[in-house]
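Data block below; observations after.
Being a predicted model, the structure only gives us computed values, none of them experimental. Note on naming: letters A, B, ... go to the chains in the order of the sequence lines (proteins, then strands), and numbering restarts at 1 for each one.
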Amino acid sequence: MSSYNMVKQEFIKKWITTLHILDCSVEHPLNVTERKNAIKLSSDIAMAAARSSSTVWSRALISRSGNKTANKPMARRVLKKARNRMKNRCLTLRRNGNFTAKSGVRRRTELLKRLVPGGELIENKDYLIRETLDYIVYLRAQVDVMRTVAAVDSVTGNLTNDNN
Amino acid sequence: MNRAIEADLLLNYNTDMSVLERQRAHLKYLNPGFDSPLAGFFSDSSMINGGVIDGFLGTDGLNLPMIYGDTTVEGDPRLSISPETMIGTGNFKKRKFDTETKDCDGKKKKIMMMNREDEVEEEEDEKSKLTEQNNGSTRSIKKMKNKAKKEENSYSSDSSKVTIQKTDYIHVRARRGQATDSHSIAERVRREKISERMKFLQDLVPGCDKITGKAGMLDEIINYVQSLQRQIEFLSMKLAVVNPRPDFDMDDIFAKEVASSTPMTVVPSPEMVNSGYSHEMVNSGYSNEMVSSGYLHFNPMQQVDTTSSDPLSSCFNNGQAPSMWDSHVQNLYGSLGV
């Protein structure tokens with residue numbers, strides 16, 4: 001499991017720097033939703049960045065995040081390259097038309113493709129499963145880190161509330 | 001699990017294509033999917049891409065023409081079986097044709113396959129184990145091939161006594177009651193890859209032990225990914241609520257990360273915030289608000305610890321870059337005997 005810990009550490013490092021940069025580029029009175037989106041966005045970017053760009057999902061996630069943060073100059077800078085690469089492929093795929101599948105495995109694979117970022121671009125089922133497994137590992141790391149941070153924050157939050 | 005996967009493979013193989021198209025598509029699937037151990041066994045033209053195409057869905061033939069060339073795949077497997085391993089390849093060809101015609105409804109094969117018994121590699125050992133399992137399992141599934149089976153049984157029992165000759169090809173010795181198809185070999189390779197991945201999946205996704213079949217596994221994966229994504233949403237909302245600013249958690253994250261690898265929980269954080277009080281690297285928002293309000297109250301509670309943490313705070317007062325923090329922190333915590 002030490003490799004998993006390394007994954008978590010990588011993620012933490014990247015997340016902190018991303019949060020830092022995001023924070024500098026945005027004016028401060030943010031409401032809860034905006035904060036949440038910033039956190040989620042930064043953690044997604046961090047997760048994808050922690051995984052090198054050798055997986056499809058990491059690149060797709062970065063490009064997808066780039067579309068959402070069009071106003072934030074930092075994100076745009078970082079993500080520009082990846083975004084252009086993925087955008088065209090996504091468009092051509094969508095244009096090919098949707099044929100919805102009814103039978104079990106086919107339907108589930110399509111569902112999975114929608115869940116995993118960049119999954120729609122993968123035609124080979126073998127690679128799709130591989131990407132999914134990789135993505136799951138990194139998702140778990142993200143969840144674990146966020147959970148511990150939230151736990152600490154809730155504890156310290158309680159203490160400050162008590163003392164106020 | 002293999003048994004169920006194969007059953008599932010069978011069931012999902014319904015397509016709208018005609019029988020011959022299905023056969024062709026199937027052959028196209030089979031042939032490129034070979035690992036290098038079997039590479040020498042087939043002629044080069046049949047190994048078009050070496051790309052791995054999984055047999056998860058038989059109906060993805062839409063992509064096939066783009067990926068593969070249009071070499072005549074059908075003819076190759078028959079011709080490429082080296083004569084040294086087989087006695088009377090002419091007979092073999094005939095038998096193969098029989099099994100193909102019987103296979104007309106496009107169901108995926110073939111229990112019977114040839115396996116190497118002697119050669120080397122762990123992969124092969126695994127494969128042979130899996131094929132033993134598969135042999136036992138799939139025999140119970142396949143009904144339509146009884147005649148072909150009997151023929152092959154008698155035949156392969158003869159050929160199983162043939163010694164393996166080591167030439168350039170990788171020769172596979174037929175086992176009793178197994179097909180000697182090249183198709184079956186490819187099939188076997190692909191199925192073993194699938195089963196390998198299924199094992200990995202079972203380790204990764206909790207609760208997958210009892211699930212058999214591709215659809216069930218996919219369901220589990222989908223549910224797991226969805227639940228993880230929802231958890232992330234929820235946690236990020238929670239973090240957003242608790243913290244006044246987005247970049248809140250420098251100290252805490254490092255502390256918690258260290259703490260998660262060592263059995264301490266809350267104790268590190270006040271110490272680190274103490275150090276952050278005078279430390280410029282700490283986020284101004286966090287230190288200003290939290291330190292001024294909550295953490296001052298930590299100090300009397302943590303007197304014993306703060307005394308021992310003085311070396312820590314002095315360390316943190318040096319202008320260390322954040323990227324060095326975790327290694328330093330880990331060293332320090334390790335030295336503290338935590």
Side-chain angles (χ1 to χ4, degrees), chain A residues 5 8-9 12-13 15-17 19-20 22-23 26 28 30 32-33 35-40 42-44 103-106 108-109 111-112 115-116 123-127 129-130 132-133 135-137 139-140 142-157 159-160 163-164, chain B residues 8 12 14 51-57 59-60 63 193 197 200-201 204-205 214-215 218-219 221-222 224-226 228-229 231-233 235-243 245-250 252-257 259-261 266 269 283 285 290 293-295 297-298 322-323 326:
Chain A
N5 283 337
K8 282 201 279 189
Q9 282 183 17
I12 286 176
K13 279 189 236 172
W15 192 19
I16 288 178
T17 44
L19 275 175
H20 219 13
L22 266 184
D23 191 53
V26 172
H28 266 299
L30 295 174
V32 177
T33 321
R35 285 208 301 265
K36 170 211 154 202
N37 290 336
I39 291 173
K40 181 153 189 291
S42 62
S43 68
D44 280 345
S103 68
V105 172
R106 186 67 186 268
R108 288 174 177 102
T109 348
L111 199 60
L112 188 59
L115 278 182
V116 173
E123 294 122 1
N124 187 350
K125 301 305 175 295
D126 185 22
Y127 287 152
I129 297 293
R130 250 185 250 171
T132 311
L133 295 182
Y135 182 55
I136 285 178
V137 172
L139 272 184
R140 269 176 75 175
Q142 190 179 10
V143 166
D144 282 344
V145 168
M146 288 177 91
R147 202 183 285 159
T148 52
V149 172
V152 169
D153 278 344
S154 65
V155 168
T156 59
L159 285 169
T160 59
N163 292 318
N164 278 343
Chain B
D8 213 42
N12 288 323
N14 46 349
V52 177
I53 295 289
D54 227 11
F56 266 27
L57 302 176
T59 58
D60 238 14
N63 291 324
K193 272 193 220 153
R197 220 168 305 114
F200 181 51
L201 226 138
L204 203 58
V205 178
K214 250 185 321 196
L218 279 179
D219 261 346
I221 296 174
I222 287 172
Y224 193 52
V225 170
Q226 276 176 341
L228 283 178
Q229 285 176 344
Q231 272 182 7
I232 289 178
E233 286 274 341
L235 283 172
S236 60
M237 175 60 89
K238 190 174 173 189
L239 287 175
V241 165
V242 169
N243 292 280
R245 286 162 55 113
D247 53 346
F248 49 86
D249 45 14
M250 226 186 240
D252 277 341
I253 286 184
F254 278 127
K256 289 313 287 179
E257 180 48 27
S260 63
S261 49
V266 186
S269 51
N283 243 346
M290 299 309 271
S293 58
Y295 286 88
H297 301 276
F298 265 123
S323 59
D326 45 355

Checked I221(B), L235(B), V225(B) vs chain A; the most non-hydrogen pairs under 4.5 Å come from L235(B)

Taking atom CE of M146(A) and atom CD of E233(B), what is their separation to the nearest 0.5 Å?
-> 9.0 Å

Worked check of side-chain contact (heavy atoms from CB on, under 4.5 Å) between R147(A) and Q231(B) | CA-CA 9 Å; R147(A) 202 183 285 159; Q231(B) 272 182 7; 3.3 Å; yes

Leading residue by heavy atom contact count with chain B [cutoff under 4.5 Å; candidates V116(A), L139(A), L112(A), L115(A)] = L115(A)

Note: L204(B) and R140(A) closest approach over all heavy atoms is O-NH1, 3.3 Å

Stepwise, does the side-chain contact (heavy atoms from CB on, under 4.5 Å) test hold for I129(A) with L218(B)?
-> CA-CA 9 Å; I129(A) 297 293; L218(B) 279 179; 3.9 Å; yes

